[in-house]
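Right, one structure below, let's go through it.
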2 protein chains.
Amino acid sequence: MLTTQRKAMLLERLSRDGRLVASDLAADLDVSEDTIRRDLNDLAAEGRLVRVHGGALPASPTHVPLARRQLMQTPEKARLGKAGAQLIQRGQVVIVDGGTTHLALVAALPLDLHCTIVTHSPGIAAALEPFQRVEVILFGGRLFRHSMVALGAATVAGYSGLRADLCFLGVTGVHPEAGLTTGDAEEAALKHGMLRAAAEVVVLATPDKIGTVSPWGVAGLDRISRLVTQGDRPNWLPPGVEHSDG
Amino acid sequence: MLTTQRKAMLLERLSRDGRLVASDLAADLDVSEDTIRRDLNDLAAEGRLVRVHGGALPASPTHVPLARRQLMQTPEKARLGKAGAQLIQRGQVVIVDGGTTHLALVAALPLDLHCTIVTHSPGIAAALEPFQRVEVILFGGRLFRHSMVALGAATVAGYSGLRADLCFLGVTGVHPEAGLTTGDAEEAALKHGMLRAAAEVVVLATPDKIGTVSPWGVAGLDRISRLVTQGDRPNWLPPGVEHSDG
DNA sequence: CCGATTCGTGCAATAACATGCAATAATGTG
DNA sequence: CACATTATTGCATGTTATTGCACGAATCGG
């Protein structure tokens, strides 16, 4: 049997059965378990499935709807979210970007918080449902699937007409020279608009984003008011930028 | 059974039943209680549930309302959703209103569906994430908390400039004389705009809404193309309106 | 307070894992 | 064709993960 053919069969079985068990496959296809393992690792490296102990599971978040992923909060993100939540004061108008870190922020908000939250992320908006005293403004647009946020002229226009107190900005790179960067051009432009619409800008950054650069620039580090990370303050952070350890 | 798969099943049962009992699970899944305990401890360490004596409970009580309501799909609503999903044809532009019934509609869509879905509900938009080939247009506005949809001038303007093939309209009352009604004035106006923006209008209605009236009128029964209910066609349904049993 | 259940820990058996190595087959190159 | 290179596979090795069991401690419900 050809290697490629075997891998195709693995994917076929995976979508049919919803899972793959390495030992069963070795017996079925009459090859060693090592071969199966190698195949599974290859396919996992291509992102076509997710490797687990004993076999593999589907890669696509098919039957894992929003609710599940909302709860998939690492303790790190929860701490970041908690640190961010403490920065919001009663009555403020706050812009909240999309992303799982900001979902953690919402989860850390006190239930009786009284403020206005502006977002272009349907996930953030939906998560704000339990907060009776939070006014939620949602900007629409065409949904950018990768990060599940609304993008488009209407979105940009919405932020350009806004004067907010605080903005929680999500980026995929925080670098001493490249500054704040993200993976999509249009998203970068929108984030720049969000940044300009707020008096203070806070970036919640997990450790994997510190010191890294993504293709599209959003703004320089001196444009943000505070960086929340895990660990000590990076020594390259401009003096005007505050820092907290989440 | 793969360990990862078993843990996923535990989370699924948790969100379905609202609690987990270790001893029951051990018997159900045919593993020792030690294994279940270890699984529960792992998941608790990841913050995905809260460990209690004898089992586990959902992690974030604040978000259970939303999560629960999303998963609280009665078999009736699932059937309605399935019936509605079959009405969508490839390439169409479809308006989908908010509400749990329409969440069931999204859940029933085929994963490879290729169409454009327009909505002003962040929950619907978020639920559409797994559908790679569905273009999602989200209209924004101020979030109306009771039904978790965006309302406002921008929302109305969005629909008024749209020509869609199909519209799934949610109402709280379907009555022979009062027609389609809902509980909020502004929402009623918006729904009227949605109805006018689509060539065909479908109403998915659970039995508790048939024959009831809410304060604010949306449109007469003759303005809809199809009513999907559970059971026989109401004899007062205008002849021009099609009917299906979901 | 007591019995029953549940919990945590250590332990051992088994399964699955990564890694390096060698044999073989397929492919590329002069 | 001759030869080198690469890909694929199975095997041996040591490591890690998973699981069930045993035992004593902690907890629960009266």
For nucleotides 3-5 of chain C, print each protein N/O atom paired with a nucleotide N/O atom at under 3.5 Å, atom names and distance only.
none

Practice problem: May I ask you to list the residues of residues 4-17 of chain A, by number, that have any heavy atom positioned under 4.0 Å from an atom of DNA chain D? | Solution: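 Heavy-atom cutoff 4.0 Å gives A:Arg6.
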Quiz prompt | Sequence-distant partners of A:Gln92, side-chain hydrogen bond (donor to acceptor under 3.5 Å, both in side chains), two or more places apart | solution = none
Quiz item: Can you list the residues that meet the side-chain hydrogen bond (donor to acceptor under 3.5 Å, both in side chains) rule with B:Asp28, with sequence neighbours excluded?
Solution: B:Arg13
Quiz item: Going by heavy atoms closer than 4.0 Å, what residues in residues 32-39 of chain A are next to DNA chain C?
Solution: A:Asp34, A:Arg37
Donor-acceptor pairs under 3.5 Å, side chain of residues 168-182 of chain A to any protein atom, not counting sequence neighbours: which ones?
from: A:Thr172; atom 1: OG1; to: A:Thr181; atom 2: O; distance (Å): 3.4
from: A:Thr172; atom 1: OG1; to: A:Ser214; atom 2: OG; distance (Å): 2.6
from: A:His175; atom 1: ND1; to: A:Glu177; atom 2: N; distance (Å): 3.0
from: A:His175; atom 1: ND1; to: A:Ala178; atom 2: N; distance (Å): 3.2
from: A:Thr181; atom 1: OG1; to: A:Ser214; atom 2: N; distance (Å): 2.9

Could you go through residues 83-91 of chain B and list every donor-acceptor pair under 3.5 Å that involves a side-chain atom there, pairing it with any protein atom two or more places apart or in another chain?
none

Quiz item: If you look only at pairs with a residue in residues 107-118 of chain A, which of them pass as a side-chain hydrogen bond (donor to acceptor under 3.5 Å, both in side chains), with sequence neighbours excluded?
Solution: none
Quiz item: Any side-chain hydrogen bond (donor to acceptor under 3.5 Å, both in side chains) pairs touching residues 49-59 of chain A, not counting sequence neighbours?
Solution: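 Every side-chain hydrogen bond (donor to acceptor under 3.5 Å, both in side chains) pair that includes a residue of residues 49-59 of chain A, provided the two are not neighbours, is A:Asn41-A:Arg51.
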Exercise. On DNA chain D, reading 5' to 3', which nucleotide is the first and which the last to sit with an atom under 4.0 Å from a heavy atom of chain B, could you check?
Key: D:dT18 to D:dC28
Self-check item: Residue list, side-chain contact (heavy atoms from CB on, under 4.5 Å) with B:Ala26, at least two apart or on another chain
Solution: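 Listed in chain order: B:Glu33, B:Ile36.
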Exercise. Five pairs at each end of the helix from C:dC1-D:dG30 to C:dG30-D:dC1: take the axis at both ends and give me the angle between them to 10°.
Key: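 Answer for the end axes of this duplex: 50°.
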